[in-house]
Student: 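One structure is given below, represented as structure tokens, and several questions about it will come after.
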Amino acid sequence: MKTVKVACIQMNVSVCSKHDNLQHALQMAEEAVSREAELLVLPEVFSTGFCYDRIEEIAEDVPGPTIEALCDFSQEHGCILAGSMIERREKDASDKEDQAPSQYNLGFCIESGKLAGSHRKVQLYGPEKEYFASGTSIAPIKLKKHDISVGLIVCNELRYPEVARKLAVEGADIFVSSAEIPDFYAHPWRIMSISRAIENQLLHVACNRVGKGKRTIYPGGSLITDGWGRILEEAGNEETVLIGEIDLDKAKEIKQKGSILQDLRTDLY
């Protein structure tokens, strides 16, 4: 039996306060690793929130200060960090027809002090489309530790079963989702988090933020579920480090049981 402890860093996020948010995240991450967590998941745009008023100022190149700080933490503690941040998008000055925004909502996965892979959010929601360019690819991120592939899902992408299914078909062993879901959508988000696990028979570590925004409340509710959709751990609506222990051997058995992916009717859909 090969077990791994995972953690959802269910934190409040202060809009545009990059330094404070990063330090707060690292403090909570310290608690997670002190409790032997190896895979730590942060909320969507954890370091800035949706800082639209100053988005060009707070966006970062990758690698940049935020990724470098997370890499240092990962190196020191031998852990994996996943989440989302605002990435600066370089435009081709010669392409006058490029009218897309100058930022991406970048999902990242850091292992052993290095950026193991990234995923630019492909399914943008509402006002995000005015501030973020859309990603153009969906693929799992391969991790050396435990020889697993992570299917990284950024918030609104969870509403699209096609995103999770593409990750599963491409070989993901576990779903990790990084979210900033408001209270009015908390119930659907919970159901979808469980459903994506069941549909693909994959573990799911789903991390949402908490706290009060300008117009809404973020209710947390982070959860860890197995490939049958059974809740292993679930958080309430306060800041917390949600720790869960997952059995990778059992997860592999669930993934291989049945024939969901093998029976896909690719001739029809």
Side-chain angles (χ1 to χ4, degrees), residues 6-33 37 39-52 54-55 57-74 77 79-88 103-111 115-121 124-125 128 131-132 141 150 152-158 176-182 189 193 205-214 216-224 235 237-243:
V6 298
C8 295
I9 307 298
Q10 183 170 284
M11 60 180 281
N12 189 12
V13 177
S14 179
V15 176
C16 299
S17 299
K18 187 189 297 186
H19 178 268
D20 292 345
N21 289 324
L22 178 58
Q23 293 307 307
H24 186 42
L26 292 176
Q27 288 172 0
M28 295 183 74
E30 288 278 2
E31 178 186 340
V33 295
L39 169 60
L40 287 60
V41 185
L42 296 156
E44 183 182 28
V45 290
F46 82 97
S47 58
T48 59
F50 287 101
C51 180
Y52 291 143
R54 295 167 47 202
I55 193 164
E57 174 191 341
I58 58 92
E60 292 184 20
D61 294 325
V62 174
T66 297
I67 291 294
E68 288 172 357
L70 296 177
C71 284
D72 288 345
F73 186 92
S74 169
H77 297 283
C79 65
I80 299 158
L81 292 161
S84 145
M85 60 168 285
I86 299 176
E87 177 194 17
R88 181 178 293 113
Q103 296 78 223
Y104 288 112
N105 187 333
L106 180 77
F108 59 81
C109 198
I110 293 166
E111 179 183 27
L115 183 64
S118 61
H119 164 70
R120 289 167 175 155
K121 188 174 180 180
L124 302 172
Y125 174 77
E128 288 181 66
Y131 298 96
F132 296 103
I141 298 169
V150 169
L152 188 56
I153 299 169
V154 181
C155 200
N156 190 55
E157 294 179 328
L158 198 65
V176 167
S177 57
S178 173
E180 186 160 331
I181 291 290
W189 181 77
S193 296
V205 183
C207 182
N208 190 32
R209 72 160 280 193
V210 292
K212 199 169 184 179
K214 287 183 179 180
T216 190
I217 293 171
Y218 297 93
S222 299
L223 58 89
I224 301 163
N237 61 2
E238 302 291 336
E239 279 200 326
T240 189
V241 177
L242 181 71
I243 301 285

Student: What distance do Met85 atom CE and Tyr104 atom OH have between them, rounded to the nearest 0.5 Å?
Tutor: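 Those atoms lie 14.0 Å apart.
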Student: Do any N or O atoms from the side chain of Asn208 and from the backbone of Gly221 form a donor-acceptor pair under 3.5 angstrom?
Tutor: no
Student: Please list, one pair per line, the donor and acceptor atoms closer than 3.5 Å that link side chains of residues 62-70 to other protein atoms, with sequence neighbours excluded.
Tutor:
| from | atom 1 | to | atom 2 | distance (Å) |
| --- | --- | --- | --- | --- |
| Thr66 | OG1 | Glu60 | OE1 | 3.4 |
| Thr66 | OG1 | Glu60 | OE2 | 2.7 |

Student: Which atom names give the shortest non-hydrogen contact between Ile217 and Pro219, and what distance separates them?
Tutor: O-CD, 3.7 Å
Student: If you measure from CD1 on Ile243 to CD on Glu31, what distance do you get to the nearest 0.5 Å?
Tutor: 7.0 Å
Student: Looking at OG of Ser74 and CG of Leu115, how far apart are the two atoms once the value is rounded to the nearest 0.5 Å?
Tutor: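 Answer for the OG-CG pair, Ser74 versus Leu115, is 10.5 Å.
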Student: Is any side-chain heavy atom of Val6 closer than 4.5 Å to one of Val176?
Tutor: no
Student: Do you know which two heavy atoms are closest between Leu223 and Ser193, and how far apart they sit?
Tutor: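 Leu223 and Ser193 have their closest heavy atoms at CD1-CB, 4.2 Å.
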Student: Is the backbone N or O of Cys207 less than 3.5 Å from a side-chain atom of Ser222, with the two atoms forming a donor-acceptor pair by type?
Tutor: no
Student: Over all heavy atoms of both residues, which pair between Gly49 and Val13 is shortest? Give the atoms and the distance, please.
Tutor: N-CG1, 3.4 Å
Student: Evaluate Ser14 against Asp20 for side-chain contact (heavy atoms from CB on, under 4.5 Å), listing each step before the verdict.
Tutor: CA-CA 8 Å; Ser14 179; Asp20 292 345; 5.7 Å; no
Student: For Ile181 and Trp189, which heavy atoms make the closest approach, and how far apart are they?
Tutor: CG1-CD1, 3.3 Å
Student: Run Asn12 and Arg209 through side-chain hydrogen bond (donor to acceptor under 3.5 Å, both in side chains) and show every step you take.
Tutor: CA-CA 6 Å; Asn12 189 12; Arg209 72 160 280 193; 2.8 Å; yes
Student: Considering non-hydrogen atoms only, spot the tightest contact between Lys121 and Glu128 and give its length.
Tutor: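 Of all heavy-atom pairs spanning Lys121 and Glu128, the closest is NZ-OE1, 2.8 Å.
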Student: Do you know which of Met11, Glu180, Gln10 makes side-chain contact (heavy atoms from CB on, under 4.5 Å) with Pro43?
Tutor: Met11
Student: Kindly determine whether Ile58 and Ile86 satisfy side-chain contact (heavy atoms from CB on, under 4.5 Å), including the steps that lead there.
Tutor: CA-CA 8 Å; Ile58 58 92; Ile86 299 176; 3.5 Å; yes
Student: Between Tyr52 and Tyr131, what is the ring plane arrangement, given parallel below 30°, perpendicular above 60°, and tilted in between?
Tutor: parallel
Student: Just do the side-chain contact (heavy atoms from CB on, under 4.5 Å) check on Val241 and Ile9 with the steps written out, would you?
Tutor: CA-CA 5 Å; Val241 177; Ile9 307 298; 4.2 Å; yes
Student: Heavy atoms only: give me the nearest Ser84-Phe108 pair and the separation to one decimal.
Tutor: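 The answer is N-CE2, 3.4 Å.
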Student: Quick check for you: to the nearest 0.5 Å, what is the distance between His119 atom NE2 and Ser178 atom OG?
Tutor: 10.5 Å
Student: Glu238 vs Val210, test: side-chain contact (heavy atoms from CB on, under 4.5 Å). Steps then yes/no.
Tutor: CA-CA 6 Å; Glu238 302 291 336; Val210 292; 6.0 Å; no
Student: Look up atom CZ in Phe50 and atom CD1 in Ile55, then write down how far apart they are to the nearest 0.5 Å.
Tutor: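 Here the rounded value is 8.5 Å.
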Student: Could you state the interatomic distance from SG (Cys71) to CD1 (Ile110), rounded to the nearest 0.5 Å?
Tutor: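 Going from the SG atom of Cys71 to the CD1 atom of Ile110 covers 4.0 Å.
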Student: Residues two or more places apart in sequence or in another chain: which of them pass ring pair (Phe, Tyr, Trp, His ring centres under 6.0 Å) with His77?
Tutor: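 Phe73.
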